[in-house]
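See structure below.
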Amino acid sequence: MTMNWKMNASMLSAALLIAAPAAFGDGAEVYAKNCASCHGKDGKGETTMGKKAKVKDYTDAKVQASFTDAEALKVIQEGKEKMKGYKDKVTEAEAKELVAYIRAFKK
Ligand code: HEC
């Protein structure tokens, strides 16, 4: 009985793990559409707009250490300097995925 329950539970969580990316995306698409124009596909910000807006290099560990996840989330929602907020464009869940996506640029 216990064995069966455990197996079902682990099978269920495996199914959820497989289903999650399809259901929520990984931020990549949202990033490519809204953010890459300034921050670059690689997070370095070496785009025409990125250079103009003076974005930082998100592959740089020091830059990554300069803001917390909560701060990044706030910037994505409310904006900062030349970056406008994305509150009405991305959901809170998507904004959180974007934070994780930005974090993944770190070398
Ligand atoms: C018009 C250009 C532009 C676009 C588009 C843009 N950003 Fe920004 N972003 C900036 C600028 C400028 C800053 C402030 C300087 C910096 O921290 O690099 C900034 C800062 C940030 C920060 C916070 C860094 C900190 O120091 O607090 C994060 C995180 C971020 N952007 C993520 C995103 C995400 C995710 C998107 C897409 C939803 C996006 N940006 C779209 C220009 C842009």
Side-chain angles (χ1 to χ4, degrees):
M1 196 56 188
T2 317
M3 279 276 281
N4 264 334
W5 184 85
K6 267 192 184 148
M7 215 171 95
N8 285 336
S10 69
M11 279 164 67
L12 180 65
S13 58
L16 284 174
L17 275 176
I18 294 162
F24 303 113
D26 56 2
E29 204 179 311
V30 187
Y31 182 88
K33 220 159 82 185
N34 300 290
C35 325
S37 55
C38 283
H39 292 289
K41 265 190 228 154
D42 55 3
K44 287 188 176 174
E46 287 169 343
T47 64
T48 310
M49 272 169 75
K51 281 181 197 155
K52 244 194 228 164
K54 298 203 170 56
V55 298
K56 295 169 193 159
D57 178 356
Y58 293 146
T59 65
D60 186 334
K62 273 186 271 165
V63 171
Q64 287 275 356
S66 72
F67 55 86
T68 64
D69 285 359
E71 282 162 355
L73 185 67
K74 188 159 183 271
V75 170
I76 292 166
Q77 293 180 319
E78 316 276 340
K80 178 185 177 186
E81 294 168 34
K82 296 226 167 58
M83 176 180 162
K84 62 181 170 79
Y86 284 83
K87 227 180 189 155
D88 29 318
K89 279 205 165 170
V90 304
T91 62
E92 179 157 5
E94 282 172 335
K96 284 181 180 159
E97 280 158 23
L98 287 168
V99 174
Y101 195 77
I102 293 270
R103 288 300 188 203
F105 286 130
K106 189 175 142 185
K107 274 179 274 187

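All ligand and atom numbering here is 1-based and tracks the order in the structure. Numbers here simply count residues along the sequence, with the first being 1.
- Residue-ligand proximity, Ile102 to ligand 1, at heavy-atom distances under 4.0 Å covers atoms 32 (C).
- For Tyr101, the closest heavy-atom approach to ligand 1 does not fall below 4.0 Å.
- Across Tyr58 and Gln64, no two heavy atoms sit closer than the pair O-NE2, 2.8 Å.
- In this structure, Glu71 has no salt bridge (Lys or Arg N to Asp or Glu O under 4.0 Å) partners at least two apart in sequence or on a different chain.
- Atoms of ligand 1 lying under 4.0 Å from any heavy atom of Val75, numbered from 1 in the order shown and given with element: 20 (C), 21 (C), 22 (C), 23 (C), 27 (O).
- Screening Lys84, Gln77, Lys33 for a side chain to side chain contact (heavy atoms under 4.5 Å, CB included) involving Lys89 leaves a single residue, Lys84.
- Interface of Ile76 with ligand 1, defined as ligand atoms under 4.0 Å from a residue heavy atom, comprises 32 (C), 35 (C).
- The existence of a salt bridge linking Asp60 and Lys44 is excluded, since no basic side-chain nitrogen approaches an acidic carboxylate oxygen closer than 4.0 Å.
- With salt bridges taken as basic N to acidic carboxylate O contacts below 4.0 Å, one links Lys96 and Glu92.
- The hydrophobic clustering, which links ILVMFWY residues whose side-chain heavy atoms are closer than 4.5 Å, places Val75 and Val55 apart.
- For atom 26 (O) of ligand 1, the nearest protein heavy atom (residue, atom name, distance) is Lys80 NZ, 2.9 Å.
- Salt bridge Lys87/Glu78: present, at least one basic N to carboxylate O contact under 4.0 Å.
- Within ligand 1, counting atoms from 1 as listed, the ones closer than 4.0 Å to a heavy atom of Cys38 are 1 (C), 2 (C), 3 (C), 4 (C), 5 (C), 43 (C).
- Which parts of ligand 1 touch Ala72 is read off a 4.0 Å heavy-atom cut-off, strictly below it: atoms 29 (C).
- When non-hydrogen atoms are compared, ligand 1 lies under 4.0 Å from the backbone of Val55 as well as from its side chain.
- Residue contacts with ligand 1: His39 is included, with a non-hydrogen atom under 4.0 Å away.
- At under 3.5 Å, a nitrogen or oxygen of Lys56, whether backbone or side chain, sits near a nitrogen or oxygen of ligand 1.
- By heavy-atom distance, the residue among Ala53, Cys35, Gly50, Ser37 lying nearest atom 35 (C) of ligand 1 is Cys35.
- Where the criterion is an N or O separation shorter than 3.5 Å, residue side chain and backbone included, Lys82 fails it with respect to ligand 1.
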